[in-house]
Amino acid sequence: MSRDCTFLVVGGGIAGVSCAEALTICCPDETILLLTESSVVKSVTNLVPVARYMHKFDVREQNVSDLRAGIGTIVDQLAYVHSGEHWVRTRTGLIINYRYLCLCTGGAAKVFSAGEEELNTRIIGIRDTDSVLELQRRLASAKDVLILGNGGIASELAHELQDVNVHWAIKDAHISATFVDPGAAEFFQLAKQETKQTAATKPTTAIKRMRYSELLPRAEQEEEQQRCKRGAALGPDWHRSFDLAGGCADLAKRAMPKIYYNSQIERVEQSPAGTALSVTLKHNDGKVEHLSCDFIVSATGVQPRHEYETDRPFHLAADGGIKVDEMMRTNLSEVYAAGDVCTAGWSNGAHWFQMRLWTQARQMGAMAGRSMAAVHEGETVYQDFCFELFGHVTQLFGFPVVLLGRFNGQDLGRDYELLVRCTRNKEYIKFVLQQGRLRGAILIGDTDLAETCENLILNGTDLTPYGDDILNPDIDIEDYFD
Ligand SMILES: *[C@@H]1O[C@H](CO)[C@@H](O)[C@H](O)[C@H]1NC(C)=O
Ligand SMILES: *[C@@H]1O[C@H](CO)[C@@H](O)[C@H](O)[C@H]1NC(C)=O
Ligand SMILES: *[C@@H]1O[C@H](CO)[C@@H](O)[C@H](O)[C@H]1NC(C)=O
């Protein structure tokens, strides 16, 4: 059995479907095949621009047979790629001959495994923020939950789960919130409490400017000075040195998750009654702690997934992803890759970095499609502008969230300041400034600032003359720059 096509796209996630869709637009007369393991594929819907280079969209699941006309589909699994002779073999033995191949096989959540099947049913893998609410439903009856992982998702989860005792084990000495920062998490938490109260006093707004070194508690400041090369992780207790009076105060009252720093799971067992898990955590210094929980939530990130053989090895990046250049080409000829499976191997611009999010899966998938089409048609394409500026739009706990540029000070070392404006239950705005220039922003709520921030970041506008007025709610900052 064999099939022939011009373009073969492997993977029914956002990257694969976006790639196939881009191909139907660029090369409507060529045969395009999508090979997917499941008859349910993901696609982008309700695409709405939020700023010049940013879109918000929903991800919907649909039957593969309902995909856009022009995309042939095969439900099967990739087993082998012969890049030299341009064919692949599937698990069922189907041979597909292609001219151009794009691998979008995605990532797998790095779910902690307790070894035994029975125990593993109590371990839930979480890989994107969008599944958090679903998880919350599943946890409705739980009393104790152990969260594993130190990424943005884990931290968000630690703050999101309510009416349950949250134990949070992280293998580092710091919380490195990669997705929302602790201030934003605080904002969400308080906003939720607010909705439960009835008295609606006029919300006050707080604005605060901080240098990086002020964000750490004193002991850590000293420790940090000794290791200045490390990245921009905020210390876990940063809010102690951070008074957002009237805006996001009120820290003492809420039940904080119990955090086990420098800890990893040593052993998981069924509790004697069989109704919970007994977990043994081991601290770096050898100390051992025991706890009991109903569930373990494993939010330890995504691992590029490529479980097929190839005739030649790919050039892989350190994180296990298939390395691609700015045209999404792998180092095997006429083989492309996009989405979570790949690692951006081009030298990133000043304002962009890779994060395995749906936004980037869509952008990379479309880029790979256009790139393959251009080679086929003998045309030239340039890398899409979206790779100049990191942008991600999402919805968290009912609020619109925009992340722009180096929104958590990523790779800025110690040389930056934060300017935060927080209005309880309304908005949380954080500007990351370096030498007076905006390098990144977190915008939560209906701030209408996304496009202005894009311009400020890309133009490198010197904001020093405006001081803190840049976030003064009584001044429309757009007016400054018209
Ligand atoms: C998808 O559609 C096909 C044909 O319409 C049907 O046989 C199949 O069961 C559907 N799959 C799912 C997961 O709904
Ligand atoms: C691709 O990269 C791998 C790993 O660096 C290397 O072993 C392989 O020879 C390269 N293949 C080609 C065709 O350049
Ligand atoms: C920034 O650049 C954009 C697009 O090039 C332009 O429209 C805008 O006026 C510029 N803003 C500033 C403050 O320079």
Side-chain angles (χ1 to χ4, degrees), residues 1 3 7-18 20-21 24 31-45 58-92 94 96-108 130-131 134 303-348 354 358 364 367-368 371-372 374-376:
M1 271 200 312
R3 298 273 297 259
F7 300 105
L8 174 62
V9 181
V10 183
I14 292 296
V17 172
S18 301
E21 288 183 343
T24 61
T31 44
I32 301 158
L33 280 184
L34 181 74
L35 173 63
T36 153
E37 286 177 21
S38 157
S39 63
V40 177
V41 297
K42 289 201 167 69
S43 65
V44 165
T45 168
D58 297 323
V59 172
R60 99 181 130 173
E61 299 200 325
Q62 65 180 134
N63 193 315
V64 69
S65 59
D66 300 332
L67 276 181
R68 186 194 283 262
I71 304 176
T73 58
I74 298 169
V75 179
D76 199 343
Q77 209 177 336
L78 180 62
Y80 179 76
V81 177
H82 198 306
S83 67
E85 294 172 5
H86 287 61
W87 55 266
V88 306
R89 191 177 62 237
T90 68
R91 198 41 65 86
T92 63
L94 178 69
I96 307 170
N97 300 299
Y98 66 84
R99 269 300 297 284
Y100 307 91
L101 171 66
C102 187
L103 297 169
C104 307
T105 45
D130 308 75
S131 43
E134 172 60 28
Q303 221 160 19
R305 187 170 156 263
H306 32 90
E307 298 161 342
Y308 32 82
E309 311 268 300
T310 52
D311 61 331
R312 295 168 199 176
F314 280 115
H315 192 175
L316 297 182
D319 65 1
I322 300 174
K323 208 161 174 176
V324 292
D325 67 6
E326 71 282 358
M327 290 293 128
M328 309 309 295
R329 288 181 291 227
T330 71
N331 80 324
L332 303 189
S333 99
E334 263 116 41
V335 181
Y336 296 68
D340 288 354
V341 75
C342 78
T343 300
W346 63 87
S347 45
N348 297 169
Q354 185 179 11
W358 279 339
M364 288 176 164
M367 185 68 231
S371 170
M372 290 191 287
V375 170
H376 186 62

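Start at 1 and go down the list; that is how both ligands and their atoms are numbered.
- Nearest non-hydrogen protein atom to atom 4 (C) of ligand 1 is Ser65 OG, 4.2 Å.
- Protein heavy atom closest to atom 7 (O) of ligand 2, with residue, atom name and distance, is Pro313 CG, 3.5 Å.
- Listed by number with element, the atoms of ligand 1 under 4.0 angstrom from any heavy atom of Val40 are 13 (C).
- A donor-acceptor contact under 3.5 angstrom links the side chains of Ser83 and Asp311, judged on distance only.
- Taking the six-membered ring where tryptophan is involved, the planes of His86 and Tyr98 are tilted, since the angle between them lies from 30° to 60°.
- Taking OH of Tyr100 as the start and OG of Ser371 as the end, the distance is 10.0 Å to the nearest 0.5 Å.
- Taking the side chain as every heavy atom from C-beta outward, Leu103 and His306 never approach each other to under 4.5 Å.
- Atom 11 (N) of ligand 1 is flagged as protein-proximal [any protein heavy atom, distance under 4.0 Å].
- From the protein, the heavy atom lying nearest to atom 3 (C) of ligand 1 is Asn63 ND2, 3.6 Å.
- Residue Phe314 has at least one heavy-atom neighbour below 4.0 Å for each of these atoms of ligand 2: 2 (O), 3 (C), 4 (C).
- Counting heavy atoms closer than 4.0 Å to ligand 1, residue Asp66 contributes nothing at all.
- Among all protein heavy atoms, the one lying closest to atom 1 (C) of ligand 2 is Asn331 ND2, 1.4 Å.
- With hydrogens left out, the protein atom closest to atom 13 (C) of ligand 1 is Ser39 OG, 3.4 Å, a heavy atom.
- Aromatic ring orientation, His82 versus Tyr80: perpendicular (interplanar angle above 60°, classes split at 30° and 60°).
- Panel note: side chain Thr45, backbone Asp58; no donor-acceptor pair is recorded below 3.5 Å.
- You'll find the side chain of Trp346 stays beyond 4.5 Å of the side chain of Asp325, heavy atoms only.
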